[in-house]
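Input: a single structure, listed below in structure tokens.
All figures in this text were calculated on a predicted structure; none of them were measured in a lab. Order of the sequence lines sets the chain letters (A, B, ...), proteins ahead of strands, with each chain counted from 1.
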2 protein chains.
Amino acid sequence: MAVGGATMDERVPRDFETLRATILERRHSLPKRIAQIAAYALDNPDDIAFGTAASIAASAGVQPSTLIRFAQQLGFDGFTSLQQVFRERLRERNSSYDERLAALRAKAEEGGGHRAIFDGFVAAASTSLGDISRSLNEAHFDEAVALLAKAETIYVLARRRSYPVASYIAYALGKLKIRNQLVESAAGLNAEMIGFATPRDAVIAISFSPYAPATIEETRSIAEQGVPIVAITDSSFSPLAQFAEVWFEVAEADFGGFRSISATMALAMALTVAVGEKRREAGRRRKG
Amino acid sequence: MAVGGATMDERVPRDFETLRATILERRHSLPKRIAQIAAYALDNPDDIAFGTAASIAASAGVQPSTLIRFAQQLGFDGFTSLQQVFRERLRERNSSYDERLAALRAKAEEGGGHRAIFDGFVAAASTSLGDISRSLNEAHFDEAVALLAKAETIYVLARRRSYPVASYIAYALGKLKIRNQLVESAAGLNAEMIGFATPRDAVIAISFSPYAPATIEETRSIAEQGVPIVAITDSSFSPLAQFAEVWFEVAEADFGGFRSISATMALAMALTVAVGEKRREAGRRRKG
DNA sequence: GTCAATATGAAATATTAATTCCAATCTGTA
DNA sequence: TACAGATTGGAATTAATATTTCATATTGAC
């Protein structure tokens, strides 16, 4: 019908930035209450995204009907469609890193030069760090630190892609004078090495899909000896999770088929240093 | 009524992480359709935040009533209160990257326990990535890639703190089917290993202050054989710089006496993958 | 100051969405 | 195989929310 068509003739802002620009442009020609809700909308976009017409109107100090008139003045056919724009904004913000990564991937694939590859890895690392920073469970972290701090020897277990992390942990533990054993015998003596572990020791096991069979097997075996295990892995379905006293799920972004390990590294370093701190504290208490 | 009180007694997850943990914990004891919506919720948290019960149920392939039962099983009194948790998550996420980084750093500095240690390492890694992203010399990068791409064997040389980077490079080169040799003989045969290198090979040497003497010594020795060297190090005064055809200066931020290695890792991965790309291209040209 | 046009408030209504209910189906057990 | 209990689907009901309407107030031009 023609009436419906009429509203479509106007340029209805489809994204937040356009909407924002439109509001700012018309700001001075808007009636008082409409201007009031307009200002509120730009100041509290999240409230518009999630609130109800009634709750938003109340917060802004106007009537719900005013809110709808505001939406209509901008060319929307009601509050609901105006709200969509505010919701879309949140969704996009949220996925901006993923999109950036996707863009870089595309650029690298179509031959955007080496710089694109480099940027891609930096972006993957940043994304992973952001994710882990949001998702780390503090209680688990404390638990893991406590468990590792009281271990006589910390065994470190990892293969393939995770091996660099293990070697870094071993290096850092060594610098902190914490007895540790990196399980990586070239002579094939891993089983024997693991055999020495007792329940007074502890294990850090690291493995990501596709899980290196050797890591799984060794973790199982050492778990059966009653040695407590801290696992760093990539999903709750990981075979490591079932053996572990505490486990961390780390989601690393990938680029060009290679996953970042920055988040895992950051977690590993934090664990190591926190264990060192805790030991120092404990040592001081014993002496003092 | 007592029924209402009963639901409040249970620990209702108030934040997304707790909710997530609760779901994962009960995952196996949930009925089929409930488990289905549970998996959907964790995979598509944004949809839960924005959708209606009907739309979400349809996307997940269940009935709206199932969605409500799911919420109730978790202790919420309905879908609406479950949804609040998902919305809150989006609001929190929303704060900008820089703001969060600044917050992390502040918190880490004022020493707020274990979480602060973790935040400190994340902040250090993020800072380092930002720095390298700004300072990387593209021409040097291209040069290094060209040099490495035409090598018969790539020797990788690093000790101590840099060793994890070397082992990761070796792993990645291996996956890309690029012949390489990680110089790390436990049997003390490094000198012999290096002896095989010719000017048709190439070296990636990584070392940061305080430079591991072995790395320096081996790099000198291999340079004298006329093998071209790409170095990753931390300043122009680095002893590695003088031997290298191309060298990168990487400034890593530190926390608690431990430097990040995220930037070095990102550079290493980018170099590796770029070399792989270049070889693929060259291969195609030769065949086509 | 009066009038018309515009804007606003508040309640009524229409719409949409969440929740409940009950019959049907599945699952495990005797 | 029969049964009880749990689970599920789908319609009916209830609650909530957006929108419309209309009376009232405000504004600006003459």
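Partners of A:R27 according to the salt bridge (Lys or Arg N to Asp or Glu O under 4.0 Å) rule, which considers only residues two or more places apart in sequence or in another chain, do not exist here. With sequence neighbours excluded, no residue forms a salt bridge (Lys or Arg N to Asp or Glu O under 4.0 Å) with A:R160. In this view, A:D15 satisfies the salt bridge (Lys or Arg N to Asp or Glu O under 4.0 Å) rule with no residue, not counting sequence neighbours.
Distance B:I56 CD1 to C:dA18 P: 8 Å, rounded to the nearest Å. One interatomic measurement links the two molecules: CD of B:Q36 to C1' of C:dC26, which rounds to 15 Å at whole-angstrom precision.
Under 3.5 Å, the side chains of B:Q72 and B:R69 contain no donor-acceptor pair of N or O atoms. For the residue pair A:S207/A:T215, the side-chain donor-acceptor check at 3.5 Å is not satisfied.
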* Structure fact -> For nucleotides 3-16 of chain C, 5' to 3', base contacts (B), sugar-phosphate-only contacts (S) and non-contacts (-) with protein non-hydrogen atoms under 4.0 Å give ----SBBB------

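Between B:Q72 and the phosphate of C:dT20, there is a side-chain N or O to OP1/OP2 separation shorter than 4.0 Å.
A salt bridge between A:R161 and A:E252 is absent, with no side-chain N of the basic residue lying under 4.0 Å from a carboxylate O of the acidic one.
Protein chain B contacts DNA chain D from D:dT7 to D:dG10, reading 5' to 3' and using non-hydrogen atoms of the protein with a distance under 4.0 Å.
The side-chain heavy atoms of A:V183 and A:I222, taken from C-beta on, include no pair separated by under 4.5 Å.
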What side-chain donor-acceptor pairs closer than 3.5 Å can you find for residues 48-56 of chain A, not counting sequence neighbours?
residue: A:T52; atom: OG1; partner: A:S55; partner atom: N; Å: 3.1
residue: A:T52; atom: OG1; partner: A:S55; partner atom: OG; Å: 3.3
residue: A:S55; atom: OG; partner: A:T52; partner atom: N; Å: 3.0
residue: A:S55; atom: OG; partner: A:T52; partner atom: O; Å: 3.0

